[in-house]
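Proteins come first, then strands; the chains are lettered A, B, ... in the order of their sequence lines, and each starts at number 1.
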Protein chains: 2
Amino acid sequence: MSRRIPASTIRRLSHYLRSLEDIEGEGRETVSSEELADRGQTTAAQVRKDLSHFGSFGKRGLGYRVDELRVRLLEILGVDRVWKVALIGAGRIGSALFEYPAFESRGYECVAIVDADPEKIGAMWGALRIRPPEEIESLIGSLGIELFILAVPAQAAQQITDRAVGAGIKGILNFAPIRLKVPSHVAVEDVNLVMQLEALSFAITQRG
Amino acid sequence: MSRRIPASTIRRLSHYLRSLEDIEGEGRETVSSEELADRGQTTAAQVRKDLSHFGSFGKRGLGYRVDELRVRLLEILGVDRVWKVALIGAGRIGSALFEYPAFESRGYECVAIVDADPEKIGAMWGALRIRPPEEIESLIGSLGIELFILAVPAQAAQQITDRAVGAGIKGILNFAPIRLKVPSHVAVEDVNLVMQLEALSFAITQRG
DNA sequence: CGTCGCTTGTGAAAAACGTCACAAAATCTA
DNA sequence: TAGATTTTGTGACGTTTTTCACAAGCGACG
Ligand SMILES: NC(=O)c1ccc[n+]([C@@H]2O[C@H](COP(=O)([O-])OP(=O)(O)OC[C@H]3O[C@@H](n4cnc5c(N)ncnc54)[C@H](O)[C@@H]3O)[C@@H](O)[C@H]2O)c1
Ligand SMILES: NC(=O)c1ccc[n+]([C@@H]2O[C@H](COP(=O)([O-])OP(=O)(O)OC[C@H]3O[C@@H](n4cnc5c(N)ncnc54)[C@H](O)[C@@H]3O)[C@@H](O)[C@H]2O)c1
């Protein structure tokens with residue numbers, strides 16, 4: 001029941017949630033920390049310590065009720081509700097993300113698409129019309145958008161971020177390979193695939 | 001000059017490399033740990049500690065020679081050469097990745113594309129013809145492929161991984177939302193965007 | 001009801017990681 | 001050449017995160 005939670009704990013909670021969904025699909029009703037650990041590349045003690053930050057959800061001698069723990073993890077991770085998301089940048093990566101069904105199944109609902117290209121503005125993607133960047137502030141306000149998926153070229157990313165922050169955005173999933181400057185109350189997660197490839201080549205070179 | 005390097009150090013080295021390229025573009029010849037720290041959201045002591053794992057590259061009173069350190073980081077990260085990469089899964093995310101120029105500019109060269117869809121097999125993407133999964137082993141062998149970018153549905157991912165591992169693959173950038181089982185000499189980096197969105201909604205919910 | 005087997009929750013110990021502080025090395029100035 | 005100035009490299013220190021170990025809680029069963 002502590003205050004500051006390690007980022008690594010959060011990543012593991014997401015894994016536990018996914019494992020619980022699998023286990024529920026197998027028709028099981030309870031699960032032990034040891035089994036969650038096995039499915040998640042961690043240890044039973046780590047599972048229990050992670051969960052203990054948020055309360056005590058298990059029964060000694062028995063384990064955790066799968067459905068109960070699943071619901072608690074949804075609450076902890078904040079995915080027990082719908083999040084309104086805007087996609088900024090209707091390019092190659094943006095179009096792949098827009099059609100990716102995993103977001104919506106976790107409650108991340110894309111309610112707006114923005115692009116600067118005059119050829120794209122006005123086009124329909126599914127039920128959504130692509131909007132120009134000038135409308136960013138009004139879209140955030142009128143649609144209750146809290147999250148941005150930012151998939152624009154690096155040189156446009158900071159400027160858009162500044163406007164989004166001004167309009168009250170709360171979190172940004174950033175695909176542009178730059179470090180966005182945001183005030184401390186705005187959360188940013190970076191997706192940097194080149195860095196991940198570099199981690200692979202480092203690991204391989206190291207052992208080699 | 002130590003043995004086991006923290007993953008967080010490797011991530012920061014990638015950032016330093018990117019900063020050095022920027023600094024070189026500005027025509028500067030030397031840089032201090034303090035300036036690298038400012039550009040990388042870390043501290044000067046951290047920069048020096050990170051680098052000290054691999055040797056001592058600076059000059060006291062002066063700092064680091066930009067070009068020299070850049071080249072050393074390229075070597076350390078293993079990107080001072082070309083890596084042959086195969087793209088497995090020519091779907092939505094696969095097509096975005098294939099056209100992403102940042103990979104090739106770091107020496108990650110896509111030399112093969114594989115897909116199981118009979119409609120896609122045989123089609124040309126740029127200069128490459130899409131291959132069927134049966135050819136995975138022979139492609140790895142004949143083209144010297146060391147890295148996979150795995151962009152297939154989750155239920156196909158483990159099976160392809162097993163075959164790739166059998167054929168000698170060394171690293172996998174995995175987009176499928178499952179934890180791949182691989183022997184310890186194979187490196188895996190997972191890209192899991194849903195988990196990153198969950199980290200955002202957790203952070204926002206927490207402060208809220 | 002008492003005991004037995006199982007599994008949690010959690011302080012305490014250990015390990016990993018980051019920060020601090022300063023001697024040493026280099027340049028610059030005069 | 002001496003002294004002032006700058007900035008590295010690194011051991012010592014502090015904090016965070018993981019692992020360990022076990023008392024306590026729960027169900028089952030005779
Ligand atoms: N393609 C990939 O696989 C990939 C992977 C990881 C990261 N990224 C990053 O994602 C970003 C987009 O990459 P992409 O490959 O989709 O590029 P892209 O050129 O295909 O798409 C970018 C889109 O952003 C739009 N845009 C440009 N300026 C804008 C602005 N000011 N406001 C709104 N929209 C604007 C463009 O019109 C275009 O439609 C880049 O930063 C890239 O580095 C791409
Ligand atoms: N679309 C996204 O934005 C996105 C983002 C992150 C992760 N992912 C993940 O990436 C993977 C692919 O997603 P997608 O959206 O591109 O799906 P997709 O259906 O558009 O593409 C998948 C491709 O893989 C091919 N395929 C299927 N089985 C195969 C096999 N055994 N061997 C070779 N190829 C095979 C299919 O023919 C198809 O072309 C999924 O695991 C998904 O969860 C997708």
Side-chain angles (χ1 to χ4, degrees), chain A residues 1-16 19-20 23 28-73 76 199 202-203 206, chain B residues 1-16 19-20 23 28-73 76 199 202-203 206:
Chain A
M1 279 289 201
S2 74
R3 201 78 258 292
R4 188 110 208 116
I5 310 294
S8 46
T9 291
I10 304 310
R11 245 175 290 126
R12 286 191 298 265
L13 292 183
S14 291
H15 277 298
Y16 304 155
S19 296
L20 288 167
I23 291 165
R28 310 263 309 286
E29 300 219 327
T30 63
V31 65
S32 67
S33 57
E34 190 173 352
E35 179 168 358
L36 279 176
D38 289 346
R39 296 186 183 237
Q41 197 63 63
T42 180
T43 67
Q46 183 72 76
V47 172
R48 299 199 296 274
K49 180 69 84 180
D50 285 340
L51 297 175
S52 77
H53 287 119
F54 304 95
S56 66
F57 313 122
K59 283 221 186 340
R60 297 172 191 227
L62 191 65
Y64 303 88
R65 294 203 54 80
V66 174
D67 183 62
E68 198 178 305
L69 184 55
R70 185 179 62 76
V71 170
R72 285 295 290 125
L73 287 181
I76 290 167
F202 172 80
Q206 210 62 355
Chain B
M1 279 288 203
S2 75
R3 199 79 259 291
R4 187 107 209 119
I5 310 294
S8 44
T9 289
I10 304 309
R11 246 175 289 126
R12 285 190 298 266
L13 293 183
S14 292
H15 276 299
Y16 304 154
S19 297
L20 288 167
I23 291 166
R28 308 263 310 285
E29 300 218 328
T30 64
V31 65
S32 67
S33 57
E34 189 173 354
E35 179 167 358
L36 278 175
D38 289 346
R39 296 186 183 237
Q41 197 64 61
T42 180
T43 66
Q46 182 72 76
V47 172
R48 298 199 296 274
K49 178 72 83 178
D50 285 339
L51 296 177
S52 77
H53 286 120
F54 303 96
S56 67
F57 313 123
K59 283 221 186 343
R60 296 173 191 224
L62 189 66
Y64 303 88
R65 295 203 54 81
V66 173
D67 183 60
E68 197 178 305
L69 184 56
R70 185 179 62 76
V71 169
R72 285 297 289 126
L73 287 180
I76 291 167
F202 173 80
Q206 208 63 354

**Q** Should B/I23 and B/Y64 count as side-chain neighbours, where that means a heavy-atom distance under 4.5 Å?
**A**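 Sidechains of B/Y64 and B/I23: no contact.
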**Q** B/K59 has an atom NZ; how far is it from atom C1' of C/dC28, in whole Å?
**A**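 My rounded result for the distance is 16 Å.
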**Q** Is there a residue in residues 61-69 of chain B whose heavy atoms reach under 4.0 Å of DNA chain D, and which residues are they?
**A** B/G61, B/L62, B/G63, B/Y64
**Q** Measure across B/I76 and A/F202 and return the closest heavy-atom pair with its distance rounded to 0.1 Å.
**A** O-CD1, 3.1 Å
**Q** Would you mind listing every salt bridge (charged side-chain N to carboxylate O under 4.0 Å, His left out) that reaches into residues 44-53 of chain A, with sequence neighbours excluded?
**A** A/R12-A/D50
**Q** If you define the side chain from C-beta out and look only at heavy atoms, does anything of A/L51 sit under 4.5 Å from A/L69?
**A** yes
**Q** Tell me the interatomic distance from B/L51, atom CG, to D/dG9, atom P, rounded to whole angstroms.
**A** 7 Å
**Q** Of the options D/dT17, C/dG9, C/dG18, whose atoms approach the side-chain atoms of B/R12 most closely?
**A** C/dG18
**Q** Of all heavy-atom pairs between A/A37 and A/A44, which one has the smallest distance, and what is that distance?
**A**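 Minimum heavy-atom separation between A/A37 and A/A44: CB-N, 3.4 Å.
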**Q** Out of curiosity, B/L20 CG to B/R72 CZ, how far, rounded to the nearest 0.5 Å?
**A**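 Rounded to the nearest 0.5 Å, the CG-CZ separation comes to 13.0 Å.
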**Q** Checking B/R60 now: which residues fulfil salt bridge (Lys or Arg N to Asp or Glu O under 4.0 Å) with it, not counting sequence neighbours?
**A**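 In terms of salt bridge (Lys or Arg N to Asp or Glu O under 4.0 Å), with neighbours along the sequence ignored, B/R60 is linked to no residue.
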**Q** If I take atom CG in residue B/L13 and atom P in nucleotide C/dG18, what distance separates them, rounded to the nearest angstrom?
**A** 12 Å
**Q** Using atom CZ of B/R4 as one end and atom C1' of C/dA14 as the other, report the distance to the nearest whole Å.
**A**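 Those two atoms, CZ and C1', are 18 Å apart.
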**Q** Just how far, in rounded Å, is P of D/dT16 from NE2 of A/H53?
**A**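 In whole Å, D/dT16 P lies 12 Å from A/H53 NE2.
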**Q** Would you say B/T9 reaches C/dC17's phosphate, i.e. side-chain N/O to OP1/OP2 under 4.0 Å?
**A**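 Answer no for this pair, as no side-chain N or O of B/T9 is under 4.0 Å from OP1 or OP2.
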**Q** Can you list every pair that meets salt bridge (charged side-chain N to carboxylate O under 4.0 Å, His left out) and has a residue in residues 32-41 of chain A, with sequence neighbours left out?
**A**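 Only A/E26-A/R39, A/R28-A/E35, A/E35-A/R39 qualify under salt bridge (charged side-chain N to carboxylate O under 4.0 Å, His left out).
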**Q** With the threshold set at under 4.0 Å for non-hydrogen atoms, list the residues of residues 41-50 of chain B touching DNA chain C in residue-number order.
**A** B/T43, B/A45, B/Q46, B/R48, B/K49
**Q** Assess whether one donor atom and one acceptor atom, taken from the side chain of B/R60 and the base of D/dT7, lie less than 3.5 Å apart.
**A** no
**Q** For the NE2 atom of B/H15 and the OG1 atom of B/T42, what is their distance to the nearest 0.5 Å?
**A** 10.0 Å
**Q** Pull out every residue in residues 30-37 of chain A that has a heavy atom closer than 4.0 Å to any atom of DNA chain C, ordered by number, or say none.
**A** A/S32, A/S33
**Q** Hey, could you give me the CD/CD distance between A/Q41 and A/Q46, rounded to the nearest 0.5 Å?
**A**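 Reported value, rounded in 0.5 Å steps: 12.5 Å.
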**Q** Indicate the atoms forming the closest heavy-atom contact of B/F57 with B/F54, along with that distance.
**A**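 In terms of heavy atoms, the two residues are closest at CZ-O, 3.4 Å.
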